[in-house]
Enquirer: 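Sharing a structure below in structure tokens format, with a few things to ask.
This chain uses plain numbering: 1 for the first residue, then up along the sequence. These values consider heavy atoms only, across backbone and side chains, with no hydrogens, waters or symmetry-generated copies.
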Amino acid sequence: MAENTKTILKLNAISPAAVSALGAYTLSDDVKAPIAVMLRSFDMHGYALPSTVLAVARAGAGTNNIPTVEYAEKGVVVFNTPGANANAVKELCLCALLLSSRGIVDGIEYVKSLSGDDIAKQVEKGKKQFAGHEIMGKTLGVVGLGAIGVQVGNNAVRLGMDVLGYDPFISVDSAWKLNHNITKIDALDQIWEKSDYITLHVPLLDSTRGMINKQSIAKMKDGVNIINLSRGELCVNADIISAVKSGKVHSYVTDFAAPELIGIPGIIVMPHLGASTDEAEDNCGVMASRELVDFLDNGNISNSVNFPTCSSPRAGACRVTVIHRNVKNVLKAVADVISSAGFNMENFVSQSRGDYAYTIIDTDGVVPDNALAAISNGENILRVRKIVW
């Protein structure tokens with residue numbers, strides 16, 4: 001099956017802004033042999049991925065809907081768009097801080113229930129039941145200091161909050177952006193014990209699943225407010241419900257609806273609005289498009305979730321890219337094939353990540369297909385491409 005070298009399959013509606021960033025490539029929801037795939041929430045587990053696909057780009061940060069390890073074994077690079085929707089989620093998180101503090105949601109519903117000509121008097125009489133508290137001077141614990149967590153923490157400082165930040169894997173880039181008034185915490189228990197508000201900004205992993213549970217809640221302050229706009233499974237809903245009903249947790253605000261959470265006083269459930277802004281959808285689409293174009297045209301990888309970051313300026317007449325397992329002697333075998341074919345390597349870059357590695361080789365001439373086939377047939381080779389300038 002020959003690949004459609006300029007057509008990218010879309011499995012969800014993608015922002016029109018993404019199209020302008022694709023250059024010579026086109027998006028289609030009906031192509032049999034696409035060169036790549038772009039999606040948002042479509043579940044690719046069990047999906048029959050065409051063998052022509054070189055890369056998958058999700059217009060969003062989370063990739064739980066994509067079998068990234070399975071695709072790595074097929075030599076398919078999976079991209080995401082970290083930070084592209086960070087401002088949208090940050091703004092919703094600041095809104096959630098206020099919703100958790102004040103009886104805003106219940107108060108709005110109360111007003112909707114009123115009737116008669118004396119509504120103003122009724123409101124003045126009934127508003128006391130929706131009194132809340134201010135966030136200024138309170139302590140916010142931010143769990144996860146990635147693109148979103150940093151923005152939330154920085155803005156909370158500007159709102160007069162004392163901010164604690166926890167992230168044992170914080171990147172250098174995030175560390176540079178973090179407000180110097182944010183106190184770095186080394187243990188989650190300190191976040192639980194010291195915070196009046198706790199907001200989660202971590203991916204769903206085996207190590208984070210159910211991190212908010214009856215044990216961690218027991219360590220928290222009485223009347224704590226918990227915000228979860230990351231993944232529903234980070235919290236054990238039954239334990240949250242019990243804690244809210246007992247008053248241990250004052251409020252729980254989440255972006256992930258579940259039947260058991262609906263209609264419980266103190267629990268505010270939003271319909272997954274985190275990245276649901278026009279601007280965020282545009283940003284994610286454009287970023288995904290640019291990642292795909294740079295990979296398809298130049299072989300460069302950035303923001304992949306299953307392969308290392310690896311890029312290089314163009315050099316020579318031809319570029320050979322090799323996706324392979326991260327084991328010894330693979331690169332020597334690849335170099336030997338290119339050398340035996342009579343070509344010099346003008347540029348060589350290789351990076352590894354866990355079990356996998358990616359190598360870029362620029363040569364002084366166009367490597368023939370039989371040499372590429374020889375590389376492809378080598379042990380531990382997953383995929384080989386040739387890009388001619």
Enquirer: Is there side-chain contact between F79 and R58, with at least one heavy-atom pair below 4.5 Å?
Expert: no
Enquirer: Counting only heavy atoms not in R353, do more than 12 fall under 6.0 Å of its CZ?
Expert: yes
Enquirer: With heavy-atom distances below 4.5 Å as the criterion, would you say the side chains of L140 and V152 are in contact?
Expert: yes
Enquirer: Using only heavy-atom distances, determine whether the side chains of E91 and N87 contain a donor-acceptor pair under 3.5 Å.
Expert: yes
Enquirer: Are any non-hydrogen side-chain atoms of I217 and I212 less than 4.5 angstrom apart?
Expert: yes
Enquirer: At their closest point, which heavy atom of A147 faces which heavy atom of S174, and how far apart are they?
Expert: N-OG, 4.4 Å
Enquirer: Could you give the distance from NZ (K184) to CG (L164), rounded to the nearest 0.5 Å?
Expert: 12.0 Å
Enquirer: Distance from K194 atom NZ to K219 atom NZ, nearest 0.5 Å?
Expert: 14.5 Å
Enquirer: If we ignore hydrogens and angles and just use 3.5 Å, is the side chain of N80 paired with the main-chain N or O of A61 as donor and acceptor?
Expert: yes
Enquirer: Can Q122 and D118 be counted as having a side-chain donor-acceptor contact under 3.5 angstrom?
Expert: yes
Enquirer: Is a side-chain N or O of T81 found less than 3.5 angstrom from the main chain of G60, in a donor-acceptor match?
Expert: yes
Enquirer: Specify the closest pair of heavy atoms between I241 and I267, including all atoms of both residues, with the distance to one decimal.
Expert: CG1-CD1, 4.0 Å
Enquirer: Please confirm whether the backbone N or O of M211 pairs with a side-chain atom of S216, one donor and one acceptor, at under 3.5 Å?
Expert: yes
Enquirer: Please indicate whether E70 has more than 12 foreign heavy atoms, meaning atoms of other residues, nucleotides or ligands, lying under 6.0 Å from its CD.
Expert: yes
Enquirer: Closer than 3.5 angstrom, by distance alone: can the side chain of S339 be matched with the main-chain N or O of A335 as a donor-acceptor pair?
Expert: no
Enquirer: Is there a donor-acceptor pair closer than 3.5 Å between any side-chain N or O of W192 and the backbone N or O of Q215?
Expert: no
Enquirer: Would you kindly confirm whether I148 and L99 end up in one hydrophobic cluster when ILVMFWY residues are joined by side chain heavy atoms under 4.5 Å apart?
Expert: yes
Enquirer: For salt bridge (Lys or Arg N to Asp or Glu O under 4.0 Å), just list the numbers for R40 and E281, CA-CA rounded to whole Å, side-chain angles, deciding distance to a tenth of an Å, and then say yes or no.
Expert: CA-CA 10 Å; R40 290 165 61 208; E281 291 183 8; 3.6 Å; yes
Enquirer: Judged by modelled atom types alone, do D30 and S28 share a side-chain donor-acceptor pair under 3.5 Å?
Expert: no
Enquirer: At their closest point, which heavy atom of V56 faces which heavy atom of I66, and how far apart are they?
Expert: CG1-CD1, 4.1 Å
Enquirer: Is a side-chain donor or acceptor of N154 paired with a backbone partner of K177 at a separation under 3.5 angstrom?
Expert: yes
Enquirer: Hydrophobic clustering (ILVMFWY, side-chain heavy atoms < 4.5 Å, transitive) - are V253 and I198 grouped together?
Expert: no
Enquirer: Examine V367 and F348 and state if one hydrophobic cluster contains both, with Ile, Leu, Val, Met, Phe, Trp and Tyr joined whenever side-chain heavy atoms are less than 4.5 Å apart.
Expert: yes
Enquirer: If you compare all heavy atoms of L382 against all heavy atoms of A72, which two are closest, and at what distance to 0.1 Å?
Expert: CD1-O, 3.4 Å
Enquirer: Is there side-chain contact between V320 and L372, with at least one heavy-atom pair below 4.5 Å?
Expert: yes
Enquirer: L261 and L200: same hydrophobic cluster, using ILVMFWY side-chain contacts below 4.5 Å?
Expert: yes
Enquirer: Less than 3.5 Å apart, any donor N or O on the side chain of N225 or H250 sitting next to an acceptor on the other?
Expert: yes
Enquirer: Using the salt bridge (Lys or Arg N to Asp or Glu O under 4.0 Å) rule, take D162 and K138 through it: C-alpha gap first, then chi angles, then the decisive distance, then the call.
Expert: CA-CA 6 Å; D162 296 322; K138 305 302 193 303; over 6 Å; no
Enquirer: May I ask you to test the V77-F295 pair for a side-chain heavy-atom distance under 4.5 Å?
Expert: yes
Enquirer: Give a yes or no on whether the backbone of I301 and the side-chain of S311 come within a donor-acceptor separation of less than 3.5 Å.
Expert: no
Enquirer: How far apart are the C-alpha atoms of H324 and Y356, what are their side-chain angles, what is the distance that settles it, and do they pass the ring-ring contact (aromatic ring centres under 6.0 Å, His included) test?
Expert: CA-CA 6 Å; H324 55 95; Y356 303 100; 9.7 Å; no
Enquirer: Any chance you could measure S230, atom OG, to L204, atom CG, to the nearest 0.5 Å?
Expert: 10.0 Å
Enquirer: Could you tell me the separation between the NZ atom of K221 and the CD atom of E193, rounded to the nearest 0.5 Å?
Expert: 11.0 Å
Enquirer: Between D362 and N347 (side chain of the first, backbone of the second, donor and acceptor by atom type, cut-off under 3.5 Å), is there such a pair?
Expert: no
Enquirer: Looking only at heavy atoms, which two atoms of S289 and A18 are closest? And how far apart?
Expert: OG-O, 2.9 Å
Enquirer: When rounded to the nearest 0.5 angstrom, what is the spacing between OG in S251 and CD1 in I227?
Expert: 7.0 Å
Enquirer: Which residue in the set L11, L9, I14 passes side-chain contact (heavy atoms from CB on, under 4.5 Å) when paired with L39?
Expert: L11
Enquirer: Closest heavy-atom contact between D255 and P271?
Expert: OD1-C, 4.0 Å
Enquirer: Could you walk me through whether Y252 and N228 pass side chain to side chain donor-acceptor pair (under 3.5 Å), step by step?
Expert: CA-CA 8 Å; Y252 175 58; N228 176 16; 3.3 Å; yes
Enquirer: Consider only side-chain N and O atoms of R319 and N298, and report whether a donor and an acceptor are under 3.5 Å apart.
Expert: no
Enquirer: Would you check, one step at a time, whether the test side-chain contact (heavy atoms from CB on, under 4.5 Å) holds for I8 with V37?
Expert: CA-CA 5 Å; I8 296 169; V37 173; 5.6 Å; no
Enquirer: Evaluate the side-chain contact (heavy atoms from CB on, under 4.5 Å) criterion for residues K386 and D369: first the C-alpha distance (whole Å), next the side-chain angles of each, then the deciding distance (0.1 Å), finally the verdict.
Expert: CA-CA 9 Å; K386 176 174 69 174; D369 289 344; 3.0 Å; yes
Enquirer: Surrounding NZ of K74 (heavy atoms of other residues, nucleotides or ligands, distance under 6.0 Å), is the total greater than 12?
Expert: yes
Enquirer: Do Q129 and Y110 pair up side chain to side chain, a donor and an acceptor below 3.5 Å, judged on atom types alone?
Expert: no
Enquirer: If we only count heavy atoms from C-beta on, is the L229 to M270 side-chain gap below 4.5 Å?
Expert: yes
Enquirer: Between the main-chain N or O of F42 and the side-chain N or O of N65, is there a donor-acceptor pair closer than 3.5 Å?
Expert: yes
Enquirer: Just how far is it from atom CG of N380 to atom CD1 of I323, taken to the nearest 0.5 Å?
Expert: 14.0 Å
Enquirer: For I361 and E346, run side-chain contact (heavy atoms from CB on, under 4.5 Å): C-alpha distance rounded to whole Å, both residues' side-chain angles, the deciding distance at 0.1 Å, then the answer.
Expert: CA-CA 8 Å; I361 303 170; E346 297 197 356; over 6 Å; no
Enquirer: Could you check whether any side-chain N or O of S242 sits under 3.5 Å from a backbone N or O of D239, counting only pairs where one atom can act as donor and the other as acceptor?
Expert: no
Enquirer: Any carboxylate oxygen within less than 4.0 angstrom of a Lys/Arg side-chain nitrogen, looking at E124 and K121?
Expert: no
Enquirer: For a 4.5 angstrom cut-off between non-hydrogen side-chain atoms, does S350 reach I360?
Expert: no
Enquirer: Would you indicate whether the side-chain heavy atoms of L49 and M44 approach each other to under 4.5 Å?
Expert: yes
